[in-house]
Participant: 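Please read through the structure below; I'll follow up with questions.
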Amino acid sequence: MYKKRVLIIGLDGFTWQVGSRLIQEGLMPTLAGLQGKGCYGNLRSVVPYETSAAWSSFQTGCLPGKTGVFTFHSFHRSNNKILLNSFDDILVPSIWELASQAGRRIVSINMPITSPPPKAEGI
C-alpha cells in the first residue's frame, strides 16, 4: 500500500530570484531536482517580517495576533523578565500537534521556534 507523504522545505530569507540563478548555474542540483518533481513558489510573509512570527504562523496557519508570537522574545510580567519565545508561547495548535492527533507521524528538523519540541507522534 502506498503511503502519502509530504515534504516541506522552508528556506528562511530565500528568494527564487537568487535561487533560480543558482540552479541555472548548476550550483544547486538537489534543489533543481526537487523543484522539477514538486511544487514551489514565493510565499508572502506576515507582519512583522520576523523569523519567529513567520514560522509560528506557518506552523499554525494563524497570524501573529492569534499565535501570540511577534518577535524572538517577549516580556513576561510574571517574573519581570524578557525571555526568548519558545514553542510553549504559541497560543494555538500547530500542524505537528494536529497531524499527531489525526494519527499521523511527523518529522521536523531545524524548525524555528519549536523548542521545547511539541508533544507529537514522531521526531
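Computed from heavy atoms alone, side chains included, the values below leave out hydrogens, waters and symmetry copies. Predicted, not measured: the structure shown is a model, and the values here were computed from it.
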Participant: Could you state whether Leu11 and Leu27 fall into the same hydrophobic cluster, counting links through intermediate Ile, Leu, Val, Met, Phe, Trp or Tyr residues with side-chain heavy atoms under 4.5 angstrom apart?
Facilitator: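 Same hydrophobic cluster.
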
Participant: Is there a path of hydrophobic side-chain contacts, each under 4.5 Å between heavy atoms of I/L/V/M/F/W/Y residues, joining Ile23 to Val18?
Facilitator: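 Val18 clusters together with Ile23.
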
Participant: With rounding to the nearest 0.5 angstrom, report the CD to CD distance, Glu121 to Gln101.
Facilitator: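 Between atom CD of Glu121 and atom CD of Gln101 there are 12.0 Å.
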
Participant: Any chance you could measure Tyr40, atom OH, to Leu34, atom CG, to the nearest 0.5 Å?
Facilitator: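 Interatomic distance, Tyr40 OH to Leu34 CG, rounded to 0.5 Å: 12.5 Å.
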
Participant: Just how far is it from atom CG of Leu22 to atom CH2 of Trp16, taken to the nearest 0.5 Å?
Facilitator: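 One finds 10.5 Å between CG of Leu22 and CH2 of Trp16.
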
Participant: Distance only, no hydrogens: is a donor on one side chain within 3.5 Å (strictly under) of an acceptor on the other, for Glu97 and Ser94?
Facilitator: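 Short answer, yes.
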
Participant: State whether the side chain of Ser115 and the backbone N or O of Pro117 hold a donor-acceptor pair below 3.5 Å, judged by distance alone.
Facilitator: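 Between the backbone of Pro117 and the side chain of Ser115 there is no qualifying donor-acceptor contact (under 3.5 Å).
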
Participant: For the residue pair Thr114 and Trp96, what are the closest heavy atoms and their distance?
Facilitator: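 Minimum heavy-atom separation between Thr114 and Trp96: CG2-NE1, 4.1 Å.
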
Participant: Verify, without hydrogens or angle tests, whether Ser56 (side chain) and Ala53 (backbone) share a donor-acceptor contact under 3.5 angstrom.
Facilitator: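 Looks like no, no N/O pair under 3.5 Å.
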
Participant: Please indicate whether Tyr49 has more than 12 foreign heavy atoms, meaning atoms of other residues, nucleotides or ligands, lying under 6.0 Å from its OH.
Facilitator: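 No, the 6.0 Å shell around OH holds no more than 12 heavy atoms from other groups.
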
Participant: Exactly one of Ile90, Thr60, Leu91, Val46 should register a side chain to side chain contact (heavy atoms under 4.5 Å, CB included) with Val69. Which one does?
Facilitator: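 When side chain to side chain contact (heavy atoms under 4.5 Å, CB included) is applied between Val69 and each of Ile90, Thr60, Leu91, Val46, only Ile90 qualifies.
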
Participant: With the 4.5 Å side-chain cut-off for hydrophobic clustering, are Ile113 and Ile8 part of the same group?
Facilitator: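 Same hydrophobic cluster.
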
Participant: Picking from Leu43, Leu31, Ile9, what satisfies side chain to side chain contact (heavy atoms under 4.5 Å, CB included) with Phe14?
Facilitator: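 The single option meeting the side chain to side chain contact (heavy atoms under 4.5 Å, CB included) with Phe14 is Leu31.
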
Participant: Heavy atoms only: give me the nearest Arg104-Lys4 pair and the separation to one decimal.
Facilitator: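 Nearest pair, atom of Arg104 first, then Lys4: NH2-O, 3.3 Å.
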
Participant: In terms of hydrophobic clusters joined by side-chain contacts under 4.5 Å, are Phe75 and Leu83 together?
Facilitator: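 No, Phe75 and Leu83 fall in different hydrophobic clusters.
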
Participant: For atom CD1 of Ile95, decide whether the heavy atoms of other residues, nucleotides or ligands shown that lie under 6.0 angstrom number more than 12.
Facilitator: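 No, the 6.0 Å shell around CD1 holds no more than 12 heavy atoms from other groups.
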
Participant: Ser74 and Asn85: side-chain donor and acceptor closer than 3.5 Å?
Facilitator: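 Looking only at side-chain atoms, Asn85 and Ser74 do form a donor-acceptor pair, the distance falling under 3.5 Å.
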
Participant: Would you name the heavy atoms of Cys62 and Ser57 that are closest together and state the gap between them?
Facilitator: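 Answer, listing the atom of Cys62 first, then Ser57: O-OG, 2.8 Å.
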
Participant: Could you give the distance from OG (Ser45) to CD (Glu50), rounded to the nearest 0.5 Å?
Facilitator: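 Result: 9.5 Å between the selected atoms.
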
Participant: With clusters defined by side-chain heavy atoms of hydrophobic residues (ILVMFWY) lying less than 4.5 Å apart, directly or transitively, does Leu98 cluster with Phe58?
Facilitator: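 No, Phe58 and Leu98 fall in different hydrophobic clusters.
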
Participant: Evaluate whether atom CD of Glu25 has more than 12 neighbouring non-hydrogen atoms of other residues, nucleotides or ligands under 6.0 angstrom away.
Facilitator: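 Count over threshold, so yes.
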
Participant: Tell me if a side-chain donor or acceptor on Asp89 pairs with a main-chain N or O of Ser86 at a distance below 3.5 Å.
Facilitator: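 Yes.
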
Participant: Got a second to check how far Asp12's CG is from Met111's CE, nearest 0.5 Å?
Facilitator: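 Reported value, rounded in 0.5 Å steps: 10.0 Å.
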
Participant: Within this structure, what is the NZ-NE2 distance for the pair Lys81 and His73, rounded to the nearest 0.5 Å?
Facilitator: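 The distance works out to 15.5 Å.
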
Participant: Any donor and acceptor pair, going by atom type alone, linking the side chain of Gln59 with main-chain N or O of Trp55 inside 3.5 Å?
Facilitator: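 Pair found, side chain donor or acceptor close to backbone of Trp55.
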
Participant: Sub-3.5 Å donor-acceptor pair from the side chain of Ser52 to the main-chain atoms of Phe72, do we have one?
Facilitator: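 Yes, the answer is positive, given that a donor and an acceptor are paired below the 3.5 Å cut-off.
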
